[in-house]
Number of protein chains: 2
Amino acid sequence: MRDTVGAATGLRERKKERTREALADAAQELFLRKGYDATTIDEIVAAVEVSRRTFFRYFAGKEEVALARAMEFEQLFLSALATRPADEAPLTALRRAGAEVLSEFGDEPDGGTGHEFLRMRRLIEGTPVLMAASLRNAIELERRMAAEIARREGVDPERDRRPALSVTLYHSVMRVAMDEWAEDEVMDTAGLSRIVEAAWDDMATMLNDRWTAGELGRD
Amino acid sequence: MRDTVGAATGLRERKKERTREALADAAQELFLRKGYDATTIDEIVAAVEVSRRTFFRYFAGKEEVALARAMEFEQLFLSALATRPADEAPLTALRRAGAEVLSEFGDEPDGGTGHEFLRMRRLIEGTPVLMAASLRNAIELERRMAAEIARREGVDPERDRRPALSVTLYHSVMRVAMDEWAEDEVMDTAGLSRIVEAAWDDMATMLNDRWTAGELGRD
DNA sequence: GAACGATATGGCACTGTGTGCCAAGTAGCC
DNA sequence: GGCTACTTGGCACACAGTGCCATATCGTTC
């Protein structure tokens, strides 16, 4: 994603993009090595040789730079959703868009972007202020996803709650599945796919107020 | 909830509780009148005549005092869930516990705790840092609720994802329903109940990959 | 290549949040 | 009343975040 910039823009734009990338990379490296709270903005900007003031021209704050990479995946997801076949049911479109993004990773037991992704995820989960900011980003992403589902289905999201419900259901299942999967230390995308499918099966069973598949309702 | 304290404790404990309540009340009054960002900790402690240092002995930070009342409702909810009949299905128990807590409010068009609750909810929704902190609290509440569901169902929440799924499903439906309901300015609990029921119906339809009740699946 | 306008950067001073330390004050107990 | 345990207030500090302005750099035109 980052290597597609600058092909047809000026030096000024290219320098800005390089500064932004350098800040995001330096921040991530420091956060993963020292922890979020123990890393200061002064340390990040020193690593890139720009001023604090410049930092705040690229990022609204310390949290935003920490979540910068995760937000790139959100863009990937929205693009994937927008290009799903128009006649696909909403939940199917969401699930398949998610699978597309996941396939961007390879199985990379101890290297590459997948490993870094897992390490950043653990950092975020373990840092309350980042977890909070990440959740708020997720809410905003849900709103945009719901708008896309509403567009695909030709309904008004302000009047019809089904887009919002489908998106929040999708995120709920994904979050429970990813919490379960991330207990391992390995970027095993096939394993995640299996957990996700099983979680959807459990959810369908549960929504009919049953606890196991095959059980009759009992209230 | 707050008036049950101090009956059998010493003066020191009673003074601490009064200070804590005074800070929470002063903070809420200032946040609702001036906004969260425009209110400083110095203003809150000046209103109660204690020091900044004392403030930080009662609350971990500015966000925590803003969410103090909301977290009291979380305790109410957990208590209500714990006392639901043991043989109730998980989703039914969650829904009925929620209805119990909601009934603590009356329909109070322009006064009382219900009105204050709505105003605080709008403040939180409109303040990114509070929204983020609130969402993180909700995650922690979900974890405790899942533990309670797991206890009721006699399963290990570390091995069985159904407690987590049922809780996150419940929260998802409630959040979509409350977003829809809170567009009004009135504490209409009957209206909320109707929206919640309708949202559950839509969710059940959707989880079977249908968009309307009665529609055959089409993928 | 120089000039000029537009834009980016760095430095500074400032506000506000949050925290550790320690002296002074207060509550509880005997 | 004395002593102990606990609470409070003041202070100095670190850090995040921001507005303002002088200086530097890039892009465009000639």
Side-chain angles (χ1 to χ4, degrees), chain A residues 5-24 26-28 30-31 34-68 123-124 127-134 136, chain B residues 5-24 26-28 30-31 34-68 127-134 136:
Chain A
V5 81
T9 56
L11 177 57
R12 180 172 277 168
E13 286 301 314
R14 296 206 298 277
K15 285 182 76 174
K16 280 173 68 175
E17 185 55 30
R18 278 206 290 273
T19 299
R20 186 179 204 286
E21 290 299 308
L23 284 167
Q28 178 165 300
L30 282 160
F31 291 150
K34 300 179 59 181
Y36 180 79
D37 293 321
T39 300
T40 68
I41 288 173
D42 281 338
E43 291 175 297
I44 297 168
V45 300
V48 179
E49 296 187 322
V50 297
S51 77
R52 288 168 57 83
R53 201 61 199 80
T54 292
F55 175 95
F56 285 97
R57 288 192 174 97
Y58 287 90
F59 299 99
K62 191 178 171 184
E63 291 159 25
E64 188 172 299
V65 73
L67 301 174
L123 177 81
I124 292 166
T127 310
V129 68
L130 283 186
M131 184 67 179
S134 176
R136 201 183 120 252
Chain B
V5 79
T9 57
L11 177 58
R12 180 174 278 169
E13 286 301 313
R14 295 204 299 278
K15 286 184 75 173
K16 281 173 69 176
E17 184 56 29
R18 278 205 291 272
T19 299
R20 185 178 204 287
E21 290 300 306
L23 284 167
Q28 177 165 300
L30 282 161
F31 290 150
K34 302 179 59 181
Y36 180 79
D37 293 320
T39 299
T40 67
I41 289 174
D42 280 339
E43 289 173 298
I44 296 167
V45 300
V48 177
E49 295 187 321
V50 297
S51 78
R52 284 164 61 78
R53 201 60 199 83
T54 292
F55 176 93
F56 285 95
R57 288 190 175 100
Y58 288 89
F59 299 98
K62 192 177 171 184
E63 291 159 24
E64 188 172 299
V65 73
L67 300 175
T127 310
V129 67
L130 283 186
M131 183 66 178
S134 176
R136 203 185 119 249

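Keep in mind that this is a model prediction, so the values were computed, not measured.
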Presence of donor-acceptor pair under 3.5 Å, side chain of A:R53 and base of D:dG19: yes
base_contact_polar (C:dG11 base, A:R52 side chain, donor-acceptor, <3.5 Å): no
Give the rounded distance in Å between these two atoms: [atom1] of [X] and [atom2] of [N].
X	N	atom1	atom2	result
B:F55	C:dG16	CZ	P	15 Å
A:D37	D:dA14	CG	P	17 Å
B:L23	D:dT7	CG	P	15 Å
A:R18	D:dC26	CZ	P	10 Å
B:E63	C:dG16	CD	C1'	13 Å
B:Y58	D:dG9	OH	C1'	13 Å

Please state whether the phosphate of C:dA8, meaning OP1 or OP2, lies under 4.0 angstrom from any side-chain nitrogen or oxygen of A:K16. yes
Below the 4.0 Å mark, does D:dC26 have OP1 or OP2 next to a side-chain nitrogen or oxygen of A:K15? yes
Under 3.5 Å for both distances, Watson-Crick or G-U wobble, that's the pair rule; now give the dot-bracket for DNA chain C, with | marking pairs to another strand and [ ] for crossing ones. ||||||||||||||||||||||||||||||
If you look at every strand shown and take non-hydrogen atoms under 4.0 Å, does B:F59 touch a base, only sugar-phosphate, or nothing? nothing
Proximity to the side chain of A:R12 - top-ranked nucleotide from D:dG9, D:dT25, D:dA5: D:dT25
